[in-house]
There are 2 protein chains.
Amino acid sequence: MKLTTKGRYAVTAMLDLAVHQHHDTVALADIAARQGISLSYLEQLFAKLRRRGLVASVRGPGGGYSLALPAAQISVAQIVMAINENIDATRCGGEKNCHGEERCLTHQLWSELSRRIYEFLDGITLATLVTEPEVQEVVLRQAKRPKLGVPRNEIAHGSSYEKADLS
Amino acid sequence: MKLTTKGRYAVTAMLDLAVHQHHDTVALADIAARQGISLSYLEQLFAKLRRRGLVASVRGPGGGYSLALPAAQISVAQIVMAINENIDATRCGGEKNCHGEERCLTHQLWSELSRRIYEFLDGITLATLVTEPEVQEVVLRQAKRPKLGVPRNEIAHGSSYEKADLS
DNA sequence: CTAATAGTTGACTAAATCACTCGGGTATGG
DNA sequence: CCATACCCGAGTGATTTAGTCAACTATTAG
């Protein structure tokens with residue numbers, strides 16, 4: 001599993017979708033405006049989410065996206081993995097970078113860490129997040145300023161550049 | 001905090017150092033041979049570890065590195081942070097990428113994750129690792145094949161490319 | 001003294017990845 | 001038929017990774 005701002009954007013967008021579920025569908029443009037993410041970038045992310053069956057789409061005017069599953073059945077781990085398609089088998093467990101064709105000294109450490117992170121992220125669903133008071137507070141704040149007219153260019157300057165992976 | 005193969009190499013090398021503590025010093029060339037890491041690369045890593053006061057060095061023939069602290073006082077988190085000098089304050093907590101100059105929807109989630117990972121890695125010291133049966137097994141295997149003559153070129157092809165960050 | 005050892009430093013590099021943008025599609029409701 | 005919204009692929013600049021190379025400096029054995 002990998003953790004980049006890409007994955008974080010995806011989770012944020014999915015949470016926005018979950019929050020606005022009461023509409024039939026939510027347009028990406030709305031999510032883009034509310035969360036300050038570039039529209040074209042969102043399109044990229046949602047293409048992957050759709051391929052993984054996490055969201056469903058309706059085309060044409062009035063169309064948009066909706067969750068393909070109940071919010072309680074979509075975990076953060078699922079979203080992150082959908083985005084960072086890690087068919088990335090080149091892993092310490094049986095590979096050469098582990099030195100002598102076997103486990104390296106710290107193999108166990110990293111795999112245990114990976115397990116913990118996965119467990120944490122898999123234990124949190126969109127439903128969990130929606131009920132979080134901290135989240136609701138932000139939702140409320142965003143509702144008061146319904147449409148900040150963000151020019152198509154000046155959005156989403158992710159200044160921080162941080163990653164997190166774990167096989 | 002960031003987690004890359006760089007940090008992993010550092011932890012592996014430090015663990016090797018801890019395992020061979022009975023010698024006064026351990027030469028980087030020995031670590032390089034045992035762990036299959038390029039010598040020049042190790043030099044880079046140990047320069048940082050030294051600046052952070054985690055290792056001490058002795059120059060000249062017979063010289064090498066040793067732990068600057070008891071193994072029980074060096075945690076994995078310290079090593080990783082020494083390598084990925086993250087004076088990297090550009091974080092969600094008070095930055096613009098969090099959208100409306102305040103917390104973004106998922107701020108809490110990521111900071112909680114970061115906390116957990118840090119706690120996990122800070123709870124494990126070199127002393128912990130040395131006593132790990134899995135580690136001892138690998139050490140034993142490496143001891144049986146004391147010097148595999150690795151030509152200076154064909155070392156350290158880290159095929160996997162994975163990162164892990166968490167502010 | 002001098003050669004060999006071993007750490008110290010800095011500049012450099014190829015390849016990969018990230019975080020996007022751009023431009024054009026295609027379905028669909030009014 | 002046209003505006004809306006999803007769909008898709010290619011391209012790009014900046015950054016990072018995972019190193020390499022070359023030239024030091026300190027120390028010790030002989």
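- Taking every heavy atom of residues 15-29 of chain A and every atom of DNA chain D, pairs under 4.0 Å involve A:V26, A:A27, A:L28, by number.
- Between A:Y41 and D:dC8 there is no side-chain N or O to OP1 or OP2 distance below 4.0 Å.
- Of the candidates C:dC18, D:dT20, D:dC7, D:dC7 carries the atom nearest the A:E43 side chain, counting heavy atoms from C-beta on.
- For B:R50, the side-chain atoms get nearest to C:dT9 when compared with the rest of C:dT9, C:dT21, D:dG19.
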Produce the list of close N/O pairs, under 3.5 Å, pairing protein atoms with atoms of nucleotides 28-30 of chain C; give distances to one decimal.
none

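- The side chain of A:T5 contributes no N or O atom lying less than 4.0 Å from OP1 or OP2 of C:dC18.
- Salt bridge present: B:R115 and B:E112 bring a charged side-chain N and a carboxylate O closer than 4.0 Å.
- Distance from the side chain of A:K6 is smallest to C:dA19 among C:dG7, C:dA19, D:dT20.
- Contact between the side-chain N/O atoms of A:S38 and the OP1/OP2 oxygens of C:dC20 is not found at any separation under 4.0 Å.
- Regarding contacts with the backbone of C:dC18, every side-chain N or O of A:Y9 stays at 4.0 angstrom or more from both OP1 and OP2.
- Of all heavy-atom pairs between A:S66 and A:D24, the closest is CB-O, 3.7 Å.
- Residue A:F46 is out of contact with every strand shown, counting any heavy-atom pair closer than 4.0 Å.
- Side-chain nitrogen and oxygen atoms of A:T4 include at least one within less than 4.0 Å of the OP1 or OP2 phosphate oxygen of C:dA19.
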